[in-house]
Structure formats: structure tokens, C-alpha cells
Amino acid sequence: MKKRSEDFYRRVIDLAKIAENFGEVPVGALIVNKDEIIGEGYNSSLSENDPSAHAEIVAIRDAGKRMGNYRLTGSVLYISLEPCIMCYSAAVHARVKKICYCADDPKSGIFSTGVFKKVNDIFNHKIEIESGKMAEESSELLKEFFKKRRKNLKIIDNSSG
């Protein structure tokens with residue numbers, strides 16, 4: 001893994017931790033163009049009351065505003081978790097060149113669930129994919145988050161009865 005690429009992967013993990021601090025599912029994303037970060041985001045659906053405020057969408061919006069263009073041609077989207085179909089579609093519309101993600105998402109990831117094989121033909125833009133870098137660290141962050149959440153839900157359930 002190139003040094004600069006490693007820095008980007010570490011940054012998405014840091015962004016995921018920020019999301020977690022706000023009680024959001026810990027996912028972070030950033031957009032890079034010519035080795036410069038042009039957009040960042042982390043999950044903020046709960047705090048923004050916005051079901052589309054996934055890390056990838058927030059990063060794409062940020063990059064679009066900074067660049068003054070909705071097309072992010074030639075850019076790379078780094079994500080701590082495999083994108084869902086909504087986020088992949090947004091990357092297609094933004095003309096992202098490549099997606100690099102850490103951990104697979106077997107519940108709602110576009111690739112792990114097999115959804116991509118079913119819908120690939122509808123996309124008019126093809127994106128390169130890289131996965132698995134820092135997957136263990138990202139997976140562990142998510143596992144611990146949901147473990148804590150389940151524990152907190154048990155405490156709430158036990159106190160109500």
C-alpha cells in the first residue's frame with residue numbers, strides 16, 4: 001500500500017470514529033483528486049434527520065461544493081465500509097474513477113450481497129474497485145459499536161419492565 005494511500009485509509013477510519021462519537025454508525029469517507037482530499041464525510045443520518053446522509057454522500061456533496069462541480073471525474077472515493085447501492089449510484093453519477101473501501105458489508109453492501117451483479121448493466125459509468133485494506137480495523141470498529149448498542153438496548157429493555 002502506497003504511503004499516501006495508507007494515509008487516506010487511516011483518515012476514513014478517523015472519520016468513522018467521529019461518526020461513532022455522535023452516536024452514528026461508524027463509517028467515514030473522503031474524495032481524493034490528484035492526491036489531495038477534496039471532500040470528507042461521515043455518517044450523519046441520525047443527527048441530520050436525513051436517510052441519505054451516508055458518509056459517501058456527505059463526502060461527495062462536500063467535494064462537489066469545493067470543486068464547484070457535480071462531476072468529480074478522475075477522483076477516488078475512500079470509504080471505511082463497502083458502499084450500499086445508493087452510495088455506489090451517487091459515485092456513478094459523480095463520475096468517480098475508483099472506489100477504495102476497507103471492510104465488506106454482507107448485509108447491505110452492493111458487492112457482498114450480490115446486488116451489483118443484478119444491476120451492473122444499468123450503470124452508464126464503470127468504477128474501478130479496491131477492497132480489503134484496513135478491513136480488520138474497520139470491521140472491529142463496527143462490531144464494537146453494535147455490541148455497545150445492543151448492550152444499551154438490553155439495559156433500556158430491562159429497566160422498563
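This structure is a prediction, so every number in the text was calculated from the model and none was measured.
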Find the distance between [atom1] ([X]) and [atom2] ([Y]) and round it off to the nearest 0.5 Å.
| X | Y | atom1 | atom2 | answer |
| --- | --- | --- | --- | --- |
| Tyr9 | Cys100 | OH | SG | 4.0 Å |
| Ile110 | Cys87 | CD1 | SG | 10.0 Å |
| Lys118 | Ile85 | NZ | CD1 | 10.5 Å |
| Glu82 | Lys107 | CD | NZ | 14.0 Å |
| Met67 | Ser75 | CE | OG | 8.5 Å |
| Ile99 | Tyr78 | CD1 | OH | 12.0 Å |

Report yes if some heavy atom in the side chain of [X] is under 4.5 Å from a heavy atom in the side chain of [Y]; otherwise report no.
| X | Y | answer |
| --- | --- | --- |
| Arg95 | Leu72 | no |
| Thr113 | Pro106 | no |
| Val12 | Phe8 | no |
| Ile79 | Cys102 | no |
| Ile127 | Lys97 | no |
| Val32 | Ile38 | no |

Mind checking side-chain hydrogen bond (donor to acceptor under 3.5 Å, both in side chains) for Ser108 and listing every partner two or more places apart, or none if nothing turns up?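 With sequence neighbours excluded, Ser108 shows a side-chain hydrogen bond (donor to acceptor under 3.5 Å, both in side chains) to Asp105, given in chain and number order.
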Sub-3.5 Å donor-acceptor pair from the side chain of [X] to the main-chain atoms of [Y], do we have one?
| X | Y | result |
| --- | --- | --- |
| Glu24 | Tyr42 | no |
| Lys126 | Asn120 | yes |
| Arg71 | His93 | yes |
| Asn43 | Ala55 | yes |
| Ser138 | Met134 | no |
| Asp50 | Ser52 | yes |

Decide yes or no on side-chain contact (heavy atoms from CB on, under 4.5 Å) for Leu142 and Val25, but give the supporting numbers first. CA-CA 7 Å; Leu142 287 155; Val25 176; 3.8 Å; yes
Under a 4.0 Å N-O cut-off, is there an ion pair linking Glu6 with Arg10?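 Arg10 and Glu6: salt-bridged.
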Is the number of heavy atoms from other residues, nucleotides or ligands under 6.0 Å of Glu144 CD greater than 12?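 Correct, the count exceeds 12.
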Establish whether [X] and [Y] are linked, either directly or via other cluster members, by ILVMFWY side-chain heavy-atom contacts under 4.5 Å.
| X | Y | value |
| --- | --- | --- |
| Ile18 | Val58 | no |
| Val119 | Val96 | yes |
| Val27 | Ile37 | no |
| Ile60 | Met86 | no |

Over all heavy atoms of both residues, which pair between [X] and [Y] is shortest? Give the atoms and the distance, please.
| X | Y | result |
| --- | --- | --- |
| Glu56 | Pro83 | OE2-CA, 3.4 Å |
| Ser45 | His54 | OG-CD2, 3.9 Å |
| Leu15 | Gly28 | CB-CA, 3.8 Å |

For residues 121-143, pull every pair meeting ring pair (Phe, Tyr, Trp, His ring centres under 6.0 Å), keeping only residues two or more places apart or in separate chains.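 Those involving residues 121-143 are Tyr88-Phe123.
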Please name the residue in the list Leu77, Leu81, Ile129 that meets the side chain to side chain contact (heavy atoms under 4.5 Å, CB included) test with Tyr101.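 Single pass found, and it is Ile129.
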